[in-house]
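Data block below; observations after.
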Amino acid sequence: MSAQNPSVPDNLALPAPLVVIAAQVIGAALLWGLLTAESTLVILLLLAVMAAAFAAMQIRPQIEENIVAAFRRSRRLALMVGLVLVLIWPFFLIKNTYGMHLVIVALLYSVLALALNFQLGSANIPNFATGATYGIGAYTSALLAINYGFSLWATLPAAAIVATAFGFLLGIPSMRTKDSYLALVTIAFGIVIHQMLNNLSWTGGPNGLVGIPAPSLFGHSFMSPINVFGYRLPAQANFYYLSVVLLGLAILSAKRLHESRIGLAWNAIRADELAAKSQGINVAWYKILAFAVDAFLAAFAGTVYAFYVSYISPDNFTFLVSVTIMTMVIVGGMDNTFGVIVGAFLLTLLPEKLRIFSDYRLLFVSVVVILFLILRPRGLFPQRQRSYGGH
Amino acid sequence: MDSLLVQHIINWAVMGSIYTLIAIGFSLLFGLLNVIHFSHGDVSMIAPFVALGSLQLIFGAIGGDAGLFAILIALALAIVATGLVGVGADRLVIRRFRKSPAMMALVATVALGTAIRELIRGFYPQGSNPKAFPTIADGFLSFGGGRLPLQPVVIILTTIAVVALVWFLLHKTPTGTRIRAVAEDPDTALLMSIRPDRIFAFTFFLASAVGALGALFFASHAGVVRFDFGVQLGLIGFSAAVIGGLGSMSGAVLGALAIAAVESVVQATVPDGASYRLVFAFLLVILMLCLRPSGILGKTVQEKV
């Protein structure tokens, strides 16, 4: 098993570059199929293919090991293929603006899930308030844009600062409480924020804020389509690329934090808080930091969301939104960046694509989530052991 | 006495009773399983729907004036059915997470709650609409010149009786001793020839049935019930159990009364208080947990190395 032998197997069945390209193209094709498929049969078939892939990995962990090893070997190639796929992606969805919309929402949820992952995955801090910090970010930037004419680029840092301040505030009780008690503090915080947004007059009350102006970059308005090589990408492509950049930043910061002393400290707290404390780790500070980092990233996602839909209301940021984000992290695989993103995509797309079950789709999704938790308890892609040096 | 003040006090006692009934379930289950049964509110909310459904059936069978008897039968049916759903929830889902990290059980029960809500919405006739719920006890109680509406009296007295009964059950009967033994240490309890699985099933039944009573009172007090009422009721019940100290029954009662008190005071004094009710209730929760991290009556566990 891999636990004893984390090194790369010497004789892979297939050359690594081939495995990498095949895996990425197949993944992209599956996603594309899921987005464009109209008939239920095709959707169910695609889901069955995915389920089969996961079943195969469950039965033969070696397959997963080999793929991961291949990615480790040709990391640069993987990055390049990934970049190309991400760049040309909108060209396959020119006609399908709804599919484009779903991808943007899924990208933003991936950012949120990664933000939560800093706490839930890395440090095992339950936080049910990601939806609230997301909302604080969205409302801050919407208010600044509507009332003071701030542009998207100016509101991004402003929203991040405000949300991070709230994150610090929320982190303070974590110095004394933990587990279920801390979970309740975050739930309460989320409800207080939601209720305030719902009742205060300057946040628009239950009607929310309407008419957030479209951003522009170098004179190119985000409302207008992109014309390249004679192709005309729908206006949403602007926000697609913006969300991709945001997710890229989130992945990069997740990676850098994971590899830094901070990530190590979080993992130590997860393993044993008391032991971490006796190692001289300032547990309180790192916990608060986890809340702040979560809020910072969530605010970015909130800002982009607000400018993208140009209309926000308190109902976008309820307790159930926080729970959905948490489910994404747990279903995807805690402390595994790739897994968390897959979880975010699956849980965004599934309810939308299962409209055929119309009234029963939420029921279906919740049953699937429970089954996942029972059958693959460590998530779709379990966290990997830290490896030092070598590979 | 000022009649408005009396009204506020009655309202406080009624809401406190309802929250108590929900909070006891959270406390019981947490004390036993160390698991937060987040779908408890949704499981409890099944009861009003069962009651409505069976009332319609009974009226259909007997005709118009089935009266108090029919209502009592419908309530009893609803309580038993909800208790059984609680046992079923444990069998089907919660039991499988007994050895997993707490977060998994939590997310699983949240998903279970969604499933239950969606089942009601999808399969109860016109399930997404709010349903009018009859008052369980109509009429007034007159004494020495004044008169009191009957329903709050029934709710408060029943709650006191149920709390006393549960306390008696836990502390003065063999079954209660077994429950506390399993809560202490399931493995050792097994050695004492106690079957933990039976105890779990019984406790789930008890917690869900008590919660069902709370949900029935809630629906009757509000006069209306909707499939998603369980979310908020569950959150408040959970908060009450936590600020009182999870696992402690008197804590659950205290917590419930405290939250209901904040709600009543805010409603009475703050302008537009009805809409800020939840804000203040949950600010109290945050404040309480900052000041006393393990609740009012919770034991502070000293971690040993």
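Predicted model, so just to flag it, every value in this text is computed and none were measured. By convention in this document, chain letters (A, B, ...) are assigned in the order of the sequence lines, proteins followed by strands, and residues within each chain are numbered from 1.
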Report, one line per pair, each donor and acceptor closer than 3.5 Å where one atom sits in a side chain of residues 183-196 of chain A; sequence neighbours left out.
{"residue": "A:Thr186", "atom": "OG1", "partner": "A:Phe128", "partner atom": "N", "Å": "2.9"}
{"residue": "A:Thr186", "atom": "OG1", "partner": "A:Ala183", "partner atom": "O", "Å": "2.7"}

**Q.** Pair listing, ring pair (Phe, Tyr, Trp, His ring centres under 6.0 Å) test, anchored in residues 23-42 of chain B, at least two apart
**A.** B:Phe26-B:His40, B:Phe26-B:Phe238, B:His37-B:His40, B:His37-B:Phe204, B:Phe38-B:Phe238
(Q) If I measure from the heavy atoms of chain B, does A:Asn124 come under 4.5 Å with its side chain, its backbone, both, or neither? (A) side chain
Q: Please look at A:Leu170 and chain B and tell me whether the side chain, the backbone, both or neither of the residue comes under 4.5 angstrom of a heavy atom of that chain.
A: neither
Q) Considering only heavy atoms, which portion of A:Ile330 lies under 4.5 Å from any heavy atom of chain B: side chain, backbone, both, or neither? A) side chain
Q: Answer yes if the side chains of B:Tyr276 and B:Glu263 hold a donor-acceptor pair under 3.5 Å, and no otherwise.
A: no
Q. Is chain A contacted by the side chain of B:Val107, its backbone, both, or neither, given a heavy-atom distance below 4.5 Å?
A. both
Q: Could you point out which residue of A:Val340, A:Leu116, A:Leu347 forms a side-chain contact (heavy atoms from CB on, under 4.5 Å) with A:Met328?
A: A:Leu347
Q. What part of A:Ile172 lies closer than 4.5 angstrom to a heavy atom of chain B: side chain, backbone, both or neither?
A. neither
**Q.** Side chain / backbone / both / neither for B:Leu112 at chain A, heavy atoms under 4.5 Å
**A.** both
(Q) Please determine whether the number of non-hydrogen atoms from other residues, nucleotides or ligands lying under 6.0 Å from atom NZ of A:Lys277 exceeds 12. (A) no
Q | Near-ring test A:Trp266/A:Phe118, centroid separation under 6.0 angstrom | A | yes
Q. Taking B:Ile243, B:Val242, B:Leu284 one by one, which has the highest count of heavy-atom pairs under 4.5 Å against chain A?
A. B:Val242
Q: Sort B:Leu287 into side chain, backbone, both or neither according to what part of it lies under 4.5 angstrom from a heavy atom of chain A.
A: neither
